[in-house]
There are 2 protein chains.
Amino acid sequence: MEVRHLRYFIAVAEELHFGRAAQRVNICQPPLSQQIKDLEQELGVALFCRNHKKVSLTDAGAAFLEDARDILRRVELAAERARSVGRGALGRITMGLVLPALDTFLLDAIREFRASNPGIEIQLLELGTLAQLKALAAGDIQVGVMRLFQQDTKGLVAERILEEPYVLALPSKHRLASLKEVPIGALDNESFILFPRRTHPALYDKIIACCSAAGCTPTIEQEATTKVTAIALVAAGIGIALVPASTRKQHRFGVVYRPILGDLPVVELSLVWKEGTESAALYKLIDTVIERSILPI
Amino acid sequence: MEVRHLRYFIAVAEELHFGRAAQRVNICQPPLSQQIKDLEQELGVALFCRNHKKVSLTDAGAAFLEDARDILRRVELAAERARSVGRGALGRITMGLVLPALDTFLLDAIREFRASNPGIEIQLLELGTLAQLKALAAGDIQVGVMRLFQQDTKGLVAERILEEPYVLALPSKHRLASLKEVPIGALDNESFILFPRRTHPALYDKIIACCSAAGCTPTIEQEATTKVTAIALVAAGIGIALVPASTRKQHRFGVVYRPILGDLPVVELSLVWKEGTESAALYKLIDTVIERSILPI
DNA sequence: GTAATCTGATATGTAATATATATCAACGCA
DNA sequence: TGCGTTGATATATATTACATATCAGATTAC
């Protein structure tokens, strides 16, 4: 059974006249009769009653007519849906992002994107960088926002969308709080609060190396997985923390922020997706995010 | 777009390999590639990403896959449904019946039919004979149970399923109640309760004619559209009534029934349907009813 | 580095089949 | 009875889906 049979059948069922039906589907009457006969034979049921004077539907024909119409509608709908998805008017994207990304322009960009692309459903998933890389490979997310510092990006496309320097978060009573800017060298023997090494091994090592190069040996007093935790620990006087500059938004009594003088890696956020991905909706999203990105040029 | 395209597409989408997919649908790889290309061209969207090493679905392809599977399922379902209707395993019948039919074997027959044909939905509609004839012509009912006495049955098929004589319903204090059987001639000058002439003109006239032939001129005191009304009127002493024998089931204080001696038309119930109807479910129902009919042979 | 192998695409011939033309058979109507 | 209408049948034709052979790009193996 082919779609053609359904089209022909519907024409005959609606006209109840082979000649007119044939005209309607732009073929001659004999092949139409033939095709209907083929259809009936395949189904093993008579769809029409032919009385030489009047054609009428059998019960089976009436039932089949409803189904045939429905199927035809669905075929057209499926085609239209595929086209919509193809041009990015329809879609579903799951996006991973690291927690700090929430403090950036990103949510605004996504809100704006949702408004102008109501057909594209975006699901956000808070995930660490490594988890996002796995999720990308597994296809659980189509795009991620992560700290890509020295990660392996084979088979991936990455676009840096934000970078900011580290600043120092200090208890306001700390001896270094009186300085406008703090040189790295001054941090020798300070108690540090830093993210756990496993979340960003390369970045972690690089920071330690930079400190060493500046002649200071930091003591890692405490690990903090989120910026909020880190600031809380600083406020409690547990130590000092290296945090991205955007963290300054999080005002907290007893904590002051100071720029750092010296060579430290820059904190970055990158938009990452799979190479060779074929998704118009995804590229629309990527374009929007990159356009809104606030990188120094 | 034809069903074939959907079958091919699903095969490729599931195998993600043109060669294997071709094998699965029993054609060679080149025509399969060709057909998929045709499909993509018709849709105006790429459904697959061909990377010389790996075939993968595009977003549009993934969306289309869901629809294609659904459509194919529906096509198979439609075929199965048509076959079921064709062999009478599935169907919907609206049946008209006159009120007196409810006092007969008919409801039992229908109950039994419903039990053994759960796929066939039967709707009952209480209608007078003339209304049923109209409804048959209009297609509002497919079959009717009616009093067909001398009605025009052109284009219809009728099968008598029940016949019974008239009996006389009398007030128990009536002078004729003492008789075992009442000759028609004894009814002269009695007050009659009869159905309205418009419901069965021919039958009505025939009854009057029979009375006249027996030398009695009945006075039609009162019309009654239902047997219950007629019996109630008899009980109230308004007159005597001619009712079908089966009415005796309806015992009522103050009313007695007596057979009539003489020539009166027989009350009959007929099963009527349209000539040339092509409905397995309907014929199943007709067969059941006729089989259960209780006619003297 | 080159051959071997695998992938899907292309080119072209062939077979299947959907369609067109011509005609028929059955029925209704004048 | 002849004429017009209906759908079915017979046969020819054109389309097209498919098969065969081959190619081009990519990966793997030696």
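No hydrogens, no waters, no symmetry mates; every other heavy atom, side chains included, goes into these values. Within every chain, numbering begins at 1; the chains are lettered A, B, ... in the order of the sequence lines, protein sequences first and strands thereafter. In this text the structure is predicted, and so the values were computed from the model without any measurement.
Regarding contacts with the backbone of D/dG7, every side-chain N or O of A/K37 stays at 4.0 angstrom or more from both OP1 and OP2. A/S33 has no side-chain polar atom (N or O) that falls below the 4.0 Å cut-off from OP1 or OP2 of D/dG7. The side chain of B/R50 contributes no N or O atom lying less than 4.0 Å from OP1 or OP2 of C/dT7. Distances shown here put every side-chain N or O of A/Q34 at or beyond 4.0 Å from the OP1 or OP2 atom of D/dA8.
A/F149 and A/H200 have their aromatic ring centers separated by at least 6.0 angstrom.
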Intermediate values then yes/no, side-chain contact (heavy atoms from CB on, under 4.5 Å), A/L39 and A/F64: CA-CA 11 Å; A/L39 178 60; A/F64 192 66; 4.0 Å; yes
From CA spacing to verdict: side-chain contact (heavy atoms from CB on, under 4.5 Å), A/S33, A/K37: CA-CA 6 Å; A/S33 293; A/K37 214 175 95 181; over 6 Å; no
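Screening B/T94, B/T277, B/L285 for a side-chain contact (heavy atoms from CB on, under 4.5 Å) with B/Q142, the sole residue that qualifies is B/T94. Checked options A/R81, A/R83, A/R73; the residue passing with B/D67 is A/R81 (criterion: salt bridge (Lys or Arg N to Asp or Glu O under 4.0 Å)).
If you check every strand for non-hydrogen atoms under 4.0 Å, B/Y8 touches sugar and phosphate atoms only.
Aromatic ring orientation, A/Y204 versus A/F195: perpendicular (interplanar angle above 60°, classes split at 30° and 60°). The aromatic rings of A/F9 and A/F48 lie tilted to each other, with the angle between the two planes from 30° to 60°.
Going from atom CD of A/E2 over to atom C1' of D/dT16 covers 13 Å, rounded to whole Å. Note: CD1 (B/I36) to C1' (C/dT10) measures 17 Å, nearest angstrom. Going from atom CD of B/E40 over to atom C1' of C/dA9 covers 13 Å, rounded to whole Å. Taking atom CD of B/Q35 as the reference point, atom C1' of C/dT10 lies 15 Å away to the nearest angstrom. C/dA9 atom P lies 12 Å from atom CG of B/D38, rounded to whole Å. Atom pair A/F48:CZ and D/dA8:P shows a separation of 10 Å (rounding to whole Å applied). Atom CG in B/L47 sits about 16 Å away from atom C1' in C/dG8, given to the nearest Å. Distance B/F18 CZ to D/dC18 C1': 16 Å, rounded to the nearest Å.
For A/R4, taking side-chain heavy atoms from C-beta onward, the closest of the listed nucleotides C/dA18, D/dC18, C/dG8 is C/dA18.
Within a 6.0 Å radius of CZ in A/R92, other residues, nucleotides and ligands contribute 12 heavy atoms or fewer.
Fit an axis to the five pairs at each end of the helix from C/dG1-D/dC30 to C/dA30-D/dT1 and the two axes sit 10° apart, to the nearest 10 degrees.
Under the 3.5 Å distance criterion, with hydrogens and angles disregarded, a donor-acceptor pair is assigned to the side chains of A/S270 and A/E268.
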Where protein sits on nucleotides 20-26 of chain D, one letter per nucleotide: B base, S sugar-phosphate only, - none, heavy atoms under 4.0 Å: BB---SS
